[in-house]
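Numbers here are sequence positions counted from 1.
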Amino acid sequence: QVQLAESGGGLVQAGGSLRLSCAASGRTLRGYAVGWYRQSPGKACEFVVVISSGGTTGYADSVKGRFTGSRDNAKNTVSLQMNSLKPEDTAIYFCNSNTAWGQGTQVTVSS
């Protein structure tokens, strides 16, 4: 029932920042945990961060201290602030809640 749409990806130099957004429609995200995941060519889908229904976050070690996940239940959106980006962060980033997945947004970090 819920539809998710990521935005904010792009090309950035190493050390730069990007802010991704995930907008939900069709139903509220309230009461559900939301996660960000990423996938690079030839690699498995990797967990990035989970944001609980109350806003509590848990991060993968690879992004801890650099990425910040947050949510705004009133706006029915979830964000991922990415700082100090590295080339290894290059991937398609997806948001997920319950059984719904977005279409993904490409993040490319150049050396």
Side-chain angles (χ1 to χ4, degrees):
Q1 290 293 326
V2 65
Q3 291 82 47
L4 303 176
E6 302 93 339
S7 62
L11 175 64
V12 64
Q13 294 182 343
S17 299
L18 284 173
R19 186 176 182 87
L20 307 183
S21 295
C22 175
S25 60
R27 64 170 294 147
T28 180
L29 292 174
R30 191 181 302 274
Y32 293 94
V34 179
W36 285 94
Y37 301 79
R38 64 188 184 185
Q39 186 167 31
S40 300
K43 298 181 180 180
C45 188
E46 177 187 17
F47 165 79
V48 177
V49 60
V50 63
I51 307 102
S52 76
S53 61
T56 302
T57 53
Y59 298 90
D61 288 341
S62 59
V63 306
K64 191 174 298 182
R66 300 188 298 119
F67 290 10
T68 303
S70 61
R71 67 189 296 158
D72 187 336
N73 285 340
K75 296 181 178 179
N76 219 23
T77 60
V78 179
S79 297
L80 181 65
Q81 178 67 46
M82 305 184 296
N83 299 325
S84 302
L85 283 162
K86 305 174 181 179
E88 50 263 44
D89 294 319
T90 295
I92 302 175
Y93 284 72
F94 301 89
C95 62
N96 161 261
S97 183
N98 198 12
T99 61
W101 291 85
Q103 83 287 352
T105 185
Q106 176 71 50
V107 172
T108 303
V109 184
S110 62
S111 300

To the nearest 0.5 angstrom, please state how far the [atom1] atom of [X] sits from the [atom2] atom of [Y].
X: S17; Y: Q81; atom1: OG; atom2: CD; result: 6.0 Å
X: L80; Y: S70; atom1: CG; atom2: OG; result: 8.5 Å
X: C22; Y: R71; atom1: SG; atom2: CZ; result: 10.0 Å
X: L85; Y: L18; atom1: CG; atom2: CG; result: 5.5 Å
X: F47; Y: S62; atom1: CZ; atom2: OG; result: 9.5 Å
X: S111; Y: Q13; atom1: OG; atom2: CD; result: 10.0 Å

(Q) With heavy-atom distances below 4.5 Å as the criterion, would you say the side chains of V78 and I51 are in contact? (A)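 Touching, per the 4.5 Å side-chain cut-off.
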
If we ignore hydrogens and angles and just use 3.5 Å, is the side chain of [X] paired with the main-chain N or O of [Y] as donor and acceptor?
X: D72; Y: A74; result: yes
X: T105; Y: G9; result: yes
X: Q3; Y: Q1; result: yes
X: Q103; Y: E6; result: yes

Q: Begin from the C-alpha positions of W36 and L20 and carry the test side chain to side chain contact (heavy atoms under 4.5 Å, CB included) through to its verdict.
A: CA-CA 10 Å; W36 285 94; L20 307 183; 3.8 Å; yes

Q: Measure across L4 and A24 and return the closest heavy-atom pair with its distance rounded to 0.1 Å.
A: CD2-CB, 3.6 Å

**Q.** Verify same cluster id: M82, Y59 (apolar side-chain graph, 4.5 Å)
**A.**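 Result: yes, single cluster for both.
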
Can I get a per-line list of side-chain donor-acceptor pairs under 3.5 Å for residues 88-95, giving both atom names and the distance, sequence neighbours left out?
unit_1: D89; atom_1: OD1; unit_2: R38; atom_2: NH1; d: 2.9
unit_1: D89; atom_1: OD1; unit_2: R66; atom_2: NH2; d: 3.0
unit_1: D89; atom_1: OD2; unit_2: R66; atom_2: NH1; d: 2.7
unit_1: D89; atom_1: OD2; unit_2: R66; atom_2: NH2; d: 3.4
unit_1: D89; atom_1: OD2; unit_2: K86; atom_2: N; d: 2.8
unit_1: T90; atom_1: OG1; unit_2: P87; atom_2: O; d: 2.9
unit_1: T90; atom_1: OG1; unit_2: V109; atom_2: N; d: 2.9
unit_1: T90; atom_1: OG1; unit_2: V109; atom_2: O; d: 3.4
unit_1: Y93; atom_1: OH; unit_2: R38; atom_2: NH1; d: 2.9
unit_1: Y93; atom_1: OH; unit_2: D89; atom_2: O; d: 2.7

(Q) As a quick check of understanding, evaluate side chain to side chain contact (heavy atoms under 4.5 Å, CB included) for W101 and Y37, giving each step before the final call. (A) CA-CA 10 Å; W101 291 85; Y37 301 79; 3.6 Å; yes

Tell me which donor-acceptor pairs under 3.5 Å the side chains of residues 25-32 have, and how far apart each pair is, sequence neighbours excluded?
unit_1: R27; atom_1: NH2; unit_2: Y32; atom_2: OH; d: 3.2
unit_1: T28; atom_1: OG1; unit_2: R30; atom_2: N; d: 3.0

Q) Can you check side chain to side chain contact (heavy atoms under 4.5 Å, CB included) on N98 and V2, steps first, answer last? A) CA-CA 9 Å; N98 198 12; V2 65; 5.7 Å; no

